[in-house]
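Here is the structure we will look at, set down as structure tokens.
A quick note: this is a predicted structure, and the numbers were derived from the prediction, not measured. Lettering of chains follows the sequences in order, A, B, ..., and the numbering in each one begins at 1.
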There are 2 protein chains.
Amino acid sequence: MGLRERKKLKTRVALIDAALDLFLEHGYESTTIDQIAAAVDVSPRTFFRYFGSKEEVALAPATDAQDVFLSELHARPEAESPFTALAQAMRGAVAVLRDGEPEDKQRFLKARQVVEATPTIFAGQMRLMLANEQRILEEVARRRGADDLRSQFVTATFTSTIRVGLENCTVEELSDIDGMTRRLEDTFTLVDQLMVANWDR
Amino acid sequence: MGLRERKKLKTRVALIDAALDLFLEHGYESTTIDQIAAAVDVSPRTFFRYFGSKEEVALAPATDAQDVFLSELHARPEAESPFTALAQAMRGAVAVLRDGEPEDKQRFLKARQVVEATPTIFAGQMRLMLANEQRILEEVARRRGADDLRSQFVTATFTSTIRVGLENCTVEELSDIDGMTRRLEDTFTLVDQLMVANWDR
DNA sequence: TGTCATCTGTCATGGACTGACATAATCTAC
DNA sequence: GTAGATTATGTCAGTCCATGACAGATGACA
């Protein structure tokens, strides 16, 4: 990897970190692009060369996490039923975060706090999840061998499950991977109880 | 109702109609507040006295529809299970629209087209639905007698159901209440098939 | 009709975002 | 390592969304 490429990556991470810290300290709305750019010592114009919008920088960690989830999903064995594969991929994505660089973990958890504290950003995360849903749907449809209403419902139910699981996190659990994991498991268990056998086949 | 109040209502509706027409013709992003205000012959500043943001005017019909839904929900008999009450309330809300003023129906359908065509607005609608979900959750929790994970899941499943049902609408069905109704019924039927008995009790 | 409350327009401002262009840094080939 | 091509960055100007302040217009009401 050349110097130029390394520098770009470094600037990108620095912008994310600076932005998240400022968002947490002064709030998302009260933080300006100028402040973020100044903290990293780049021009405001450069900020927009790295991120398309103020929202994008706040959601960058979430976006990365979704990519991890998708690659975990595609690595699940064919034998697993769609919803099982989704749940396992989620566990895998959480594990990647848990066992990864502490800085990455910190960044992710900071981002989650910002998302929870800012309605605008929360809506943006929903938009992300919905965009992702299209790609998840492809995998579900492939495993079920049918791109129909039922595949859509399985996919939407997964999204809901994750959402409900994460919604229940207390403030402390927002900065704690294990607490997050427990909430998710509780919700997966509930789904198992409320659905008929082979509902996702 | 006094003259002043009538004038305000008229201006509000005129702004919504002008905005929706401009959004449909030139796209949401390419339409400016100035254009909307000019079309209704008010100052741009006045626009913001009626709507907090450009997004809000696009979502006004959706917001009104959600209010109708909520009042239908509270009118459902106590004997109905939570999800049944939700489904019936949805049918009721659609009926109100179907049997209402043709102008209101047109406005609603135009707004739906704008929402579908504009990712930003679509995300905004999600934000609306999530805000509403809190109020729906209260009713579900009341009927179940428990404000727990299961109540949250029932509520989230309802939201998913509506979303999946409406997502499947083709462009023509977007401007057709009956087509919309059929899609919704298909989805409700599917939920019935995939859930265990009394899953929402 | 006169007074009051409220609505509206005008003006000024700040912040998000974008295009254009010049400068500076890196990369590549020699 | 130097020249020239590539690419990143800074500066500047401009658009649009959004908001506060104030003055003038308009409906409400005694």
Side-chain angles (χ1 to χ4, degrees), chain A residues 1-23 25-60 63 114-115 118-125 127, chain B residues 1-16 18-20 22-23 25-60 63 114-115 118-125 127:
Chain A
M1 194 192 283
L3 169 60
R4 178 174 273 165
E5 208 168 341
R6 262 180 291 134
K7 252 189 168 177
K8 274 188 71 175
L9 214 68
K10 204 171 145 191
T11 304
R12 182 187 148 84
V13 171
L15 281 171
I16 296 175
D17 283 336
L20 291 179
D21 285 339
L22 285 166
F23 291 162
E25 190 174 358
H26 307 117
Y28 174 79
E29 318 282 0
S30 307
T31 304
T32 68
I33 303 289
D34 285 16
Q35 291 174 314
I36 301 172
V40 184
D41 215 53
V42 295
S43 78
R45 189 66 183 85
T46 293
F47 174 90
F48 285 107
R49 292 204 174 91
Y50 282 86
F51 302 98
S53 68
K54 188 176 167 183
E55 185 178 290
E56 198 174 309
V57 69
L59 290 176
T63 306
V114 172
V115 168
T118 319
T120 308
I121 306 301
F122 193 84
Q125 198 192 30
R127 208 193 58 240
Chain B
M1 195 191 286
L3 170 58
R4 178 171 272 168
E5 208 168 341
R6 262 180 291 133
K7 252 190 168 176
K8 274 187 68 176
L9 213 68
K10 205 171 143 191
T11 303
R12 182 187 148 83
V13 172
L15 280 170
I16 295 175
L20 291 178
L22 285 166
F23 291 162
E25 190 174 357
H26 306 118
Y28 173 79
E29 319 281 2
S30 308
T31 304
T32 67
I33 303 289
D34 284 14
Q35 291 173 318
I36 301 171
V40 184
D41 216 53
V42 295
S43 77
R45 189 66 184 85
T46 294
F47 173 91
F48 285 107
R49 293 202 173 91
Y50 282 86
F51 303 98
S53 68
K54 189 177 169 184
E55 185 178 290
E56 197 173 310
V57 70
L59 290 175
T63 306
V114 172
V115 169
T118 319
T120 308
I121 306 301
F122 193 83
Q125 198 192 33
R127 208 193 59 240

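Of all the heavy atoms in Ile36(A) and Ala18(A), the pair that sits closest is O-CB, 4.4 Å. Across all their heavy atoms, Ser53(A) and Phe48(A) have their closest contact at CA-CE2, 4.2 Å.
Atoms CG (Asp41(B)) and P (dA25(D)) sit 17 Å apart, rounded to a whole Å. Distance, His26(A) NE2 to dG15(C) P: 14 Å, rounded to whole Å.
A close approach under 4.0 Å does occur between a side-chain nitrogen or oxygen of Thr46(A) and OP1 or OP2 of dG10(D). At dT9(D), one or more side-chain N or O atoms of Tyr50(A) fall inside 4.0 Å of OP1 or OP2 (strictly under the cut-off).
Mapped onto DNA chain D by nearest heavy atom, Thr11(A) and Lys7(B) fall at different nucleotides, with Thr11(A) at the one closer to the 5' end.
In this structure, Phe122(A) CZ and Arg127(A) CZ are separated by 13.5 Å, a value rounded to the nearest 0.5 Å.
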Please write out each protein N/O paired with an N/O of nucleotides 27-30 of chain C under 3.5 Å, distance rounded to 0.1 Å.
from: dC27(C); atom 1: OP1; to: Leu3(A); atom 2: N; distance (Å): 2.6
from: dC27(C); atom 1: OP1; to: Arg4(A); atom 2: N; distance (Å): 2.6

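By the 4.5 Å heavy-atom criterion applied to side chains, Glu29(B) and Thr120(B) are counted as neighbours.
The main-chain N or O of Met1(A) is never found under 3.5 Å from a side-chain atom of Glu5(A) such that the two would form a donor-acceptor pair. Not one N or O on the side chain of Tyr28(A) forms a donor-acceptor pair closer than 3.5 Å with the backbone of Val115(A).
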Point to revise | B/S/- contact track for nucleotides 13-20 of chain D, protein heavy atom under 4.0 Å | key: ---SSBBB
Practice item. Would you sort out whether Tyr50(B) and Val57(B) count as a side chain to side chain contact (heavy atoms under 4.5 Å, CB included), showing the intermediate values? Key: CA-CA 9 Å; Tyr50(B) 282 86; Val57(B) 70; over 6 Å; no
